[in-house]
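Everything below concerns the one structure shown next.
Numbering of residues begins at 1 and proceeds along the displayed sequence.
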Amino acid sequence: MKSRYSIALYTIIIFVLSTIIITLWYIVKVGSSISISFNTIKNIIFRYGFIGALLPSIFFLSVSIFSKIIKNKWVLSLIIILLTILLIMAGLQFFWYFVVSGLTDNPFVD
């Protein structure tokens, strides 16, 4: 029971840290010459931070769950490789969303 709470806690920590890192990266890269208000930061967190933070947190959660369930090392290695490929594909989709959304919507406009 304790390991379930620790996995959930680590997943939440990864989600929060990923949200902060993605939001700060977006602000530094895109909005360095624009004045930033609280509404702008809120828009960036909801549009990019939460969506981008889902990828590493779901990846960590699935790898930790599969490592607890599956005892065969070869099957576990294969599943981790497949999850990594899915993570890369999802990351490319997020990058595509990031570019298209940046072209169509300006999150720096309140």
Side-chain angles (χ1 to χ4, degrees):
M1 196 63 134
K2 185 178 179 182
S3 67
R4 288 183 187 173
Y5 292 126
S6 65
I7 290 174
L9 179 68
Y10 287 137
T11 304
I12 291 171
I13 290 171
I14 289 172
F15 182 80
V16 169
L17 286 176
S18 299
T19 302
I20 292 170
I21 290 169
I22 290 170
T23 303
L24 290 176
W25 179 77
Y26 187 83
I27 290 171
V28 167
K29 284 296 188 184
V30 179
S32 60
S33 63
I34 301 172
S35 64
I36 298 173
S37 66
F38 177 74
N39 287 334
T40 304
I41 294 173
K42 185 181 71 169
N43 287 340
I44 293 170
I45 287 172
F46 286 130
R47 287 186 185 176
Y48 304 112
F50 287 158
I51 295 171
L54 285 175
L55 298 176
S57 59
I58 290 174
F59 180 74
F60 172 76
L61 182 64
S62 58
V63 166
S64 61
I65 287 173
F66 283 130
S67 66
K68 298 279 186 203
I69 293 173
I70 299 173
K71 300 300 180 194
N72 189 350
K73 297 295 180 186
W74 287 101
V75 175
L76 182 63
S77 300
L78 180 65
I79 288 176
I80 290 175
I81 289 171
L82 290 174
L83 285 173
T84 305
I85 291 170
L86 286 174
L87 178 70
I88 291 170
M89 291 172 50
L92 291 174
Q93 283 183 332
F94 173 69
F95 180 72
W96 177 253
Y97 166 75
F98 190 74
V99 169
V100 169
S101 180
L103 290 174
T104 57
D105 297 328
N106 188 1
F108 294 103
V109 176
D110 293 330

| Point-to-point distance, once rounded to the nearest 0.5 Å, from OG1 of T19 to CG of L54 | 8.0 Å

| request: If the plane angle is over 60° it's perpendicular, under 30° parallel, otherwise tilted; pick one for Y48 and Y97. | output: tilted

| task | Mind checking the CG-OG spacing from N43 to S37? Nearest 0.5 Å is all I need. | result | 8.0 Å

| query | If every non-hydrogen atom of S64 is compared with every non-hydrogen atom of I7, which pair is closest and at what distance? | reply | OG-CG2, 3.5 Å

| task | Flag the pair S18 / I21 as yes when at least one side-chain heavy-atom distance between them is below 4.5 Å, and no otherwise. | result | no

| Given V63, which of L87, T84, L76, I80 fulfils the side-chain contact (heavy atoms from CB on, under 4.5 Å) condition? | I80

| said: Please say yes or no: joined through hydrophobic side-chain contacts below 4.5 Å, possibly via intermediate residues, are L82 and I69 part of one cluster? | reply: no

| Heavy-atom closest contact (S62 atom, L83 atom, distance) | OG-CD1, 3.7 Å

| About how many Å separate CD1 of I12 and CG of L61, when rounded to the nearest 0.5 Å? | 10.0 Å

| Rounded to the nearest 0.5 Å, what separation is found between the CD1 atom of I41 and the CG atom of L24? | 8.5 Å

| note | Here the gap from F66 atom CZ to L78 atom CG, rounded to the nearest 0.5 Å, amounts to 11.0 Å

| Is the CZ atom of F50 crowded by more than 12 outside heavy atoms at less than 6.0 Å? | yes

| field | Candidate pair I44 and T40, rule side chain to side chain contact (heavy atoms under 4.5 Å, CB included), full reasoning | value | CA-CA 6 Å; I44 293 170; T40 304; 4.1 Å; yes

| query | Looking at side-chain heavy atoms only, is the closest gap between I51 and F46 below 4.5 Å? | reply | no

| message | Please give me the minimum heavy-atom distance between I22 and G49, naming the atom from each residue. | response | CG2-CA, 4.1 Å

| For the atom pair CD1 (I13) and OG (S57), what is the distance rounded to the nearest 0.5 Å? | 12.5 Å

